[in-house]
Amino acid sequence: MSQDSAASDKQAVKQYFLQLQDTICAGLGDVDGGQFIEDQWLREEGGGGRSRVLANGAVIEKGGVNFSHVHGTAMPASATAHRPELAGRSFEAMGVSLVIHPNNPYAPTSHANVRFFIAEKPGEEPVWWFGGGYDLTPYYGFVDDCRHWHQTAHNACAPFGDDVYPHFKAWCDDYFYLQHRNEARGVGGLFFDDLNAGGFARSFALMQAIGDSYLPAYIPILKRRKDTPYGERERQFQLYRRGRYVEFNLVYDRGTLFGLQTGGRTESILMSLPPLVRWEYDWQPEPDSAEAQLNDFLAPRDWLK
């Protein structure tokens, strides 16, 4: 990408993100029957976004789909530590991020984000890359759900090479891991960062393919599990396991750290957190129960076999 093409390329990416937010909100709203409430915000340092939240719905207890486009004169420490060549450059960061927490404990939580970064300096070529992915966090494991999720992810990546899905899948397994618990957060999916290999057009197309595949990956699972009967035991276990979600986002998540360090809107950054959650000291599930089987179910594996 040259400096001459950067402006038009950035605008094309932004338009895609805005359309993707619309599409995802419409698809999830159709399943829930409710409407997302939109909140537009501005950032003092430059840029802003629009957050959309659906709360206390028939299917979705809390769901947020956030678009942001922020810019500044200097990259934050979290970025320059990872990419020291970015020091002294202005930056733009844009993307869509979402987390859906269903009411039903048998319906898994899902997370997705796609993003674009560009750092520029007069007289030098822009430094740019795409990142993102999606992952699934079940509270009760269903093999069919996980196979569908990963098959959809595989199909999205397939046109770009046989090695893309295995690489992004392994990256996701490694990233969404709670080291202090020695536990996987969920059953994974796709994760990628610093993507610019093959040029702008190919990288943009791959990111779009992944973004466009989120609804086909998640909606069938949500429809399949949203009406499963459950009781207080399942509900309490769901709230307990949501604690792991909170721990990951506040301790490890790069997007959370970047948003806070760049002066983003805190409410939008933390919209991924569930509305209700519980921690209990040294809680242990009953032996051989469905709850006791979850950690083994979440262990990374080849879901396509």
- Pairs where residues 10-33 contributes a residue and the test ring-ring contact (aromatic ring centres under 6.0 Å, His included) is met, not counting sequence neighbours: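 Every pair satisfying ring-ring contact (aromatic ring centres under 6.0 Å, His included) with a residue in residues 10-33: there are none.
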
- Decide yes or no on side-chain contact (heavy atoms from CB on, under 4.5 Å) for Tyr139 and Arg242, but give the supporting numbers first. CA-CA 9 Å; Tyr139 306 101; Arg242 281 178 174 176; 3.6 Å; yes

Any donor-acceptor pair under 3.5 Å linking the side chain of [X] with the backbone of [Y]?
| X | Y | answer |
| --- | --- | --- |
| Asp135 | Gly189 | no |
| Trp41 | Ser68 | no |
| Arg50 | Glu38 | no |
| Lys62 | Leu273 | yes |
| His154 | Pro166 | no |

- Task: Could you work out the complete set of other residues in the hydrophobic cluster of Leu239, with links drawn between I, L, V, M, F, W and Y side chains under 4.5 Å apart?
- Result: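 So far as hydrophobic clustering goes, Leu239 is joined with Leu276.
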
- Query: How is the hydrophobic cluster of Ile37 composed, in terms of its other members, when Ile, Leu, Val, Met, Phe, Trp and Tyr link through side-chain heavy atoms under 4.5 Å apart, directly or indirectly?
  - Reply: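 Direct or chained contacts put Ile37 with none.
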
- Message: Taking the basic N atoms (NZ, or NE/NH1/NH2) and the acidic carboxylate oxygens, is any pair closer than 4.0 Å for Arg115 and Asp193?
- Response: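 Result for this pair is yes, salt bridge flagged.
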
For [X], which residues count as a side chain to side chain donor-acceptor pair (under 3.5 Å) partner, sequence neighbours excluded?
| X | answer |
| --- | --- |
| Thr228 | none |
| Arg225 | Asp145 |
| Thr256 | Asp253 |
| Glu234 | Tyr106 |

Can you tell if the side chain of [X] reaches within under 4.5 Å of the side chain of [Y], non-hydrogen atoms only?
| X | Y | value |
| --- | --- | --- |
| Phe168 | Leu206 | yes |
| Thr137 | Pro108 | no |
| Val70 | Phe91 | yes |
| Phe67 | Lys14 | yes |
| His148 | Pro220 | yes |
| Glu247 | Glu183 | no |
| Arg181 | Tyr177 | no |
| Leu294 | Tyr140 | no |

- Task: Mind checking salt bridge (Lys or Arg N to Asp or Glu O under 4.0 Å) for Glu232 and listing every partner two or more places apart, or none if nothing turns up?
- Result: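 So Glu232 forms no salt bridge (Lys or Arg N to Asp or Glu O under 4.0 Å) with any residue.
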
- Contacts of type ring-ring contact (aromatic ring centres under 6.0 Å, His included), residue Phe204, not counting sequence neighbours: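 For Phe204, the residues satisfying ring-ring contact (aromatic ring centres under 6.0 Å, His included) (neighbours in sequence not counted) are Phe130, Phe200.
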
- Task: Return yes when atom CD of Gln35 has more than 12 non-hydrogen atoms of other residues, nucleotides or ligands closer than 6.0 Å, and no otherwise.
- Result: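 It does not: Gln35 CD has 12 such atoms or fewer within range.
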
- Item | Gap separating the CG atom of Asn196 from the CH2 atom of Trp129, nearest 0.5 angstrom |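 Here the rounded value is 9.0 Å.
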
So, for [X] and [Y], is the gap between ring centers shorter than 6.0 Å?
| X | Y | answer |
| --- | --- | --- |
| Tyr252 | His180 | yes |
| Tyr245 | His111 | no |
| Phe176 | Tyr134 | no |

- Message: Using the rule given for side-chain contact (heavy atoms from CB on, under 4.5 Å), can you reason through Leu28 versus Phe36, listing the C-alpha separation, both sets of side-chain angles and the distance that settles it, and then say yes or no?
- Response: CA-CA 9 Å; Leu28 292 168; Phe36 283 83; 4.1 Å; yes

Of the non-hydrogen atoms in [X] and [Y], which two are nearest, and what is the gap between them?
| X | Y | result |
| --- | --- | --- |
| Ile210 | Ser213 | O-OG, 2.9 Å |
| Arg89 | Pro126 | NH1-CA, 4.1 Å |
| Val164 | Cys157 | CG1-CB, 3.7 Å |
| Asp173 | Gly188 | OD1-CA, 4.0 Å |

Please output the side-chain donor-acceptor pairs of residues 295-305 that fall under 3.5 Å, not counting sequence neighbours, one pair per line with the distance.
{"unit_1": "Arg301", "atom_1": "NH2", "unit_2": "Phe297", "atom_2": "O", "d": "2.9"}
{"unit_1": "Asp302", "atom_1": "OD1", "unit_2": "Leu304", "atom_2": "N", "d": "3.0"}

- Mind jotting down which residue pairs meet the side-chain hydrogen bond (donor to acceptor under 3.5 Å, both in side chains) criterion with at least one end in residues 91-103? Sequence neighbours excluded, please.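 side-chain hydrogen bond (donor to acceptor under 3.5 Å, both in side chains) check on residues 91-103 returns Lys10-Glu92, His69-Glu92, His101-Thr109.
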
- Item | Set of side chain to side chain contact (heavy atoms under 4.5 Å, CB included) partners for Pro285, sequence neighbours left out |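 Result, side chain to side chain contact (heavy atoms under 4.5 Å, CB included) vs Pro285: Trp283, Ser289, Glu291, Ala292.
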
